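The block underneath contains the structure these notes are about, expressed in structure tokens.
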Amino acid sequence: MPSRYRSYLRFLGRRLAVTAMTLFGLMTLVFLMIKVIPGDEARIIAGPEASPAQVEAVRVKLGLDAPLVVQYVRFAGRVAQGDLGTSISTLQPVVRDLAEVLPSTLELVVATMVFSLLMATAAALVAASRRGDMVDSSSRVVAVIAGGLPTFWLALVLQYLFAAKWRIFPISGQQSFQFIADPITGSPLLDALLRGNFSAFVNAVDYIVLPATALGVFFAAQLFRTLRASLISILQSEFIVAVRSKGASFARILLRHALPNAMGPTITLAGIQLGIMVGSAVLVEGIFGRQGLGAYLQNAVAQKDTFAVLGTVLVIGAFVCLINLVVDLLQLALDPRVRAAQFEGAAR
Amino acid sequence: MNAAPDLAAAEAVEAAAPELLRVEGLSVSLPGGVALVDGVSLTIHRGERVALVGESGSGKSVTAQAVLRLNDRLRIDGRVMLDGRDILSLSEREMAGVRGGRIGLAFQDAMVCLDPIMTVGDQIEESLRIRGVGRAEARRRAIAILTELGVHDAADRLGSYVHEFSGGMRQRVVLAMALVAQPDLLIADEPTTALDVRVQRQVLDLLDQFAANHALSVLLITHDMGIVASFADRVVVMYSGRIVEDASVFDLFERPLHPYTQGLLAAIPRVDRSQDELAAVPGSPVPPALRPSGCAFHPRCAKATEVCRTEVPPLETMGGRRVACHHPATDGVHAV
Amino acid sequence: MTLAAVRRSVQSSGKLDMFVFALTGFLIFLAIFGPLLAPDSIYRSDIGNALQPPSGAHWFGTDDQGRDIFWRLVAGAQATLLSSVLIVAAYSLIGVAVATIAAVGPKWLDELLMRITDIGLALPGLIVALGFAAALGPSLESAIIAKAITGWPVTARLLRSILMQTMTAQYVVGAQVLGASKWRLMTRHVLPNSLDILIVKWAGDIGATVLILAAMSFIGVGAQAPSAEWGAMVADAKGYVSSAWWAVAAPGAMIAITSVAFSLLGDILQVWRDPSLRDSR
Amino acid sequence: MLFELAHITKTFPTAQGRITSLDDVSLSVGEGQAVGLVGESGSGKTTLIRCALLLTQPDGGAVTFDGTSMLGATREQVRQFRRQVQLVFQDPFSSLNPRMTVEELVGEGLVIHGIENSAARRRDSVAEMLTVVGLRPDDMKRYPNSFSGGQRQRIAIARALAIRPRLLVCDEPVSALDVSVQAQVINLLREMQKALGLTILFVAHDLAVVRHLCAHVYVLNRGKIVESGSRDQVFDHPTHPYTQALLAAVPIPDPRRRPPRRQPAPAAS
């Protein structure tokens, strides 16, 4: 329907404008944060052995002597052109650094989310359909405990048990040496798929199982609890009784009516989780020796690498905004009521 | 009296038509043991329209859902005979065949009893698709029934969602959903309560015509005595989970025997004449968990005596009607 | 515990509730008095006693410095749990203030505050906290400050929408018709009926904050050695996990137990607030 | 006239442009009268109540109470208005603050308007008011959720009447109640009207209830008053087609007055 198509586009335009505003605010915030906190950037960049004159030279060269407003305008101008500055620890443009580490983190995050969603949905469907019985009770106990396990600790325990002790999975890294090839996307998992190399894919899966599990358990537990709660509340609602009074089987009620209606809050949560997951990747990337965004950020913070930190935070912020947009579009596609509210709102 | 011929006609229907549904000693209780419905017995004949009347907590809706075994958390005792077969003992699979197929159920509030994210067409057709009807045939019948229920552009409306419909249209969809698989009995739970009075009249008229066309039996659950008077052949009055009176609509309005029925009828303000004072029933309806001993109505009853406080009055047949009261109004009615 | 026992305890939630209250109470007791109870020896190294497995003398074994892990956990409760309580209290206050101002203030102020909140929501807390903590220098204090000033947006968003909803409640309109002042409407009618959600959220948030604070110590921007903060203890011990698993297992388990206990407390409070949720969480 | 609305107009912006909720609505309520306003959902009656109670500013028109124009009134005039005009809501479950005791609820107006500043005397007033509406003074310490719907509506009436207002606006006050309880509340309102000389503006969709309670009736349809007059005039000899249709649609609780049963339509399969 062309009018609905236009409504989608108008919605997208409006949401993109909001996203741009948010990103702009974010950039400002991060810039101020870096400037306001103590510590002399010029001295750090010039290095601990630099003479005061050398520090001054660096300051002038990088424009750090200009008033804050001027620095900000210059900075914003560069960011608009896709230039996030140069990292002082890798001596490369931050954008290039990020391009190297991002695929690894995205691979981890996406794999973790797929794993978490599958686990949570399967468990929630079983638990909600057998509400109150032993399967339900025990899955709830497991979920409560899983939701309280510290991710970094779980990573250490899994690594110790499954890699060091029982040698089921590799200890660290992203793929075995013999499979390393020129990166296409930078993600071993995706590259192996693109090349159609099955054993390389299995190998990459082998490497990602432990980090994805360690990272995913907490999120899967949250997703399970949310989906189970909404499934149960939907199953108690009056329209389910109405569907049943038509003679529908329980499987049909659960899969055709309850699940689609219950997915809304879960999708919203999964969107929020993706952002948090990128942050939490810091915790497992170090342990499992993955060269990702988290490891990069941790290093940048330790080195007080201003532009690297700024760039990373902005990229993560942009990622979160993108996810929010995707979630909104999904909700729009899934729920006609959201569609009505949004599209009517758009005309205002 | 001008009611006499109608009365005779109503009784003739009852006598001639075969029995469709017979509920015997139906009790429905919460897991904790509180009986929401306590020993309800009633019969519906083919083509008959029975109104089940009561206030909040009377158990009228619980009775309806128990007939179709729709709430698994409740304990159901007694028998529900459909064409002589006890459907409470059916397997879940056989029961699914009865639901929608033999007995359709229409709810009060269409906004909450339709799936908000499925098109109304899919929801009406679902009743048929479950029974193996093909996609095209299901669509054809969905359009046909909506048209019969007064939706003129039915084919165009099937792709819409519930929230895009007005109250009256929604209620037609609910009826279509319950009736599309051609059940013998429609249980309609307050089908017009959420509607404005003009729309309510339209929907009732449509239902009236549809029932006449298809010789449909109807169990109408309502609290509105006006609707009862204009639609039902027979009225069953419930109070706190029990039947207190069961009579033809003319008998009931003309000579209510139970003090509760009398109070209920006297408490209704009339739009067609001016009155001075309404005779209010003191107190409030009691929820089943707080049901007093003996006759549940005794704390609100002016005629209550000691026996009312201690003994539950049995539902006794007198003069072709039934009443559960130790001191029923007997003027003009003689026990058979 | 057998599965049947788990099932019984979940079903007879009265007992489970009591257990959770006792556990959280005990943990808070540790958080306040732990450092006073623990012997001084936990701050000194005793290499001769290093990496002892759990025994009668050292219930949870010793670490690479020969310090008793059990008593270090007791002492470290303060750094982990009390800090988390403070953090949640601090950002909840900020959140309540922002939400109330947004709800009762002029429309432009509401818009502005909510845009700022959106920006706050767009960033993973751990990332911002990482930046903050790094900037202020890695220490427990900076981790606390960082988390305290990044935690408020969720509270502010949630509470604002609840306030907006409560403000249109019929009993609030009724009080308005009765002539109640704006102040009376807020203090007597709106806030009392809106804030209870926060009490529920507080408990769950404490559980989550324990995890984040420990994670910050673990990646080196929070509490530093020789602090007995539980995340820092895990970080200390990760290098020798293969020779002394207990040095990683014990503090990790404490973090998990504390986090689980407080999120269970949140669930219980939520059911109290709205009994219809029983079993659905 | 105690209370008058003159030429009230109110519009709201929506996606399809501005919609008119109230279009030149005028009505007046004389001291001691019970005036009914009948309207279906979407007729604009909620907006009308909000305008009448100064909760919403109308786009045009005048609200006059006791000779004072209330649009653009001073703070003190509005305070006086709030003391003399009260409201009873439809839903007795959401109209009482669940965290206040009956004593606080009924006494709140006395506190706000400084009518009774001593707690002990205030308690006496509340006790008296509870007795008047048919509740027991011992009920004071309880919270609203321990009462039935009918009792809650009595509390709401006591709360509104405690400050002895001159005008009581009722917004569908019995439509959420059971039939046997509705009559109690209707009778209570009638008693109050007689005993206290109270003026009532009764807004409802239930024609029968309006007929029973009100001497003068207005009919609101799509934001316009389409008919007004004395009770018997409007109900027995309606002139506007809308009123006629409305009255014809009300099911009469008398089976002798129903039309003969329908026969199967020939077209039906």
Side-chain angles (χ1 to χ4, degrees), chain C residues 92 96 99-100 103-108 110-111 114 158-203 268-278, chain D residues 46 49-50 52-56 75-101 104-115 143-145 152-153 155-163 165 167-173 176:
Chain C
S92 297
V96 171
T100 311
V104 299
K107 209 171 155 70
W108 64 266
D110 180 27
E111 278 289 318
M114 284 305 112
L158 177 71
L159 185 62
R160 176 185 165 277
S161 72
I162 291 170
L163 286 177
M164 293 303 227
Q165 219 177 335
T166 314
M167 279 160 76
T168 61
Q170 280 200 352
Y171 56 81
V172 176
V173 178
Q176 209 180 334
V177 170
L178 210 50
S181 62
K182 219 168 182 181
W183 172 255
R184 186 181 177 91
L185 283 182
M186 280 315 281
T187 55
R188 291 297 311 247
H189 298 275
V190 178
L191 284 173
N193 285 293
S194 306
L195 287 180
D196 56 350
I197 183 90
L198 284 188
I199 297 165
V200 173
K201 193 171 147 25
W202 277 338
I268 293 170
L269 294 176
Q270 182 137 14
V271 171
W272 280 10
R273 187 172 159 273
D274 181 359
S276 70
L277 289 176
R278 181 174 298 284
Chain D
T46 307
I49 292 173
R50 290 188 61 86
L53 288 166
L54 313 181
L55 295 168
T56 298
R75 191 178 271 260
E76 177 55 27
Q77 282 170 326
V78 172
R79 219 180 65 82
Q80 279 304 318
F81 177 82
R82 295 255 176 265
R83 192 179 155 174
Q84 301 189 46
V85 182
Q86 280 305 305
L87 173 67
V88 175
F89 290 93
Q90 169 177 16
D91 179 4
F93 288 88
S94 57
S95 66
L96 298 174
N97 186 340
R99 277 161 209 278
M100 288 169 91
T101 62
E104 289 172 308
L105 284 165
V106 176
E108 185 168 27
L110 302 174
V111 176
I112 289 171
H113 292 283
I115 295 168
Y143 286 88
N145 60 14
R152 278 163 169 253
Q153 207 56 309
I155 297 171
I157 292 171
R159 172 174 160 87
L161 296 185
I163 57 172
L167 172 65
L168 186 67
V169 179
C170 300
D171 179 6
E172 302 270 9

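First the proteins, then the strands, lettered A, B, ... as listed; each starts at 1. Source: prediction; values computed, not measured.
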Quiz item: Can you name the closest pair of heavy atoms from C:Leu178 and D:His113 and give their distance?
Solution: O-NE2, 2.8 Å
Quiz prompt | Check: D:Leu53 and C:Gln176 side chains under 4.5 Å, non-hydrogen atoms | solution = no
Quiz item: Between C:Gln170 and D:Leu96, is there a donor-acceptor pair closer than 3.5 Å when you use the side chain of the first and the backbone of the second?
Solution: no
Quiz item: Counting only heavy atoms not in D:Gln77, do more than 12 fall under 6.0 Å of its CD?
Solution: yes
Quiz item: Relative to chain D, which segment of C:Val172 carries a heavy atom at a distance below 4.5 Å: side chain, backbone, both, or neither?
Solution: neither
Practice problem: May I ask you to test the D:Asn97-C:Arg188 pair for a side-chain heavy-atom distance under 4.5 Å? | Solution: no
Quiz item: Counting N and O atoms only, with roles assigned by atom type, does the side chain of D:Arg99 sit under 3.5 Å from a partner on the main chain of C:Pro192, one being a donor and the other an acceptor?
Solution: yes
Quiz item: So, for C:Ala175 and D:Glu108, which heavy atoms are closest and what is the spacing to 0.1 Å?
Solution: CB-OE1, 4.4 Å
Quiz item: Does any heavy atom of chain C fall under 4.5 Å from the side chain of D:Leu54, the backbone, both, or neither of them?
Solution: neither
Quiz item: Which one, D:Ala160, D:Pro98, D:Ser94, leads in non-hydrogen pairs under 4.5 Å with chain C?
Solution: D:Ser94
Exercise. Could you look at D:Val78 and say if it's the side chain, the backbone, both or neither that has a heavy atom under 4.5 Å from chain C?
Key: neither
Practice problem: Pick whichever of D:Met100, D:Gln90, D:Arg83, D:Arg50 has the most heavy-atom pairs under 4.5 Å with chain C. | Solution: D:Met100
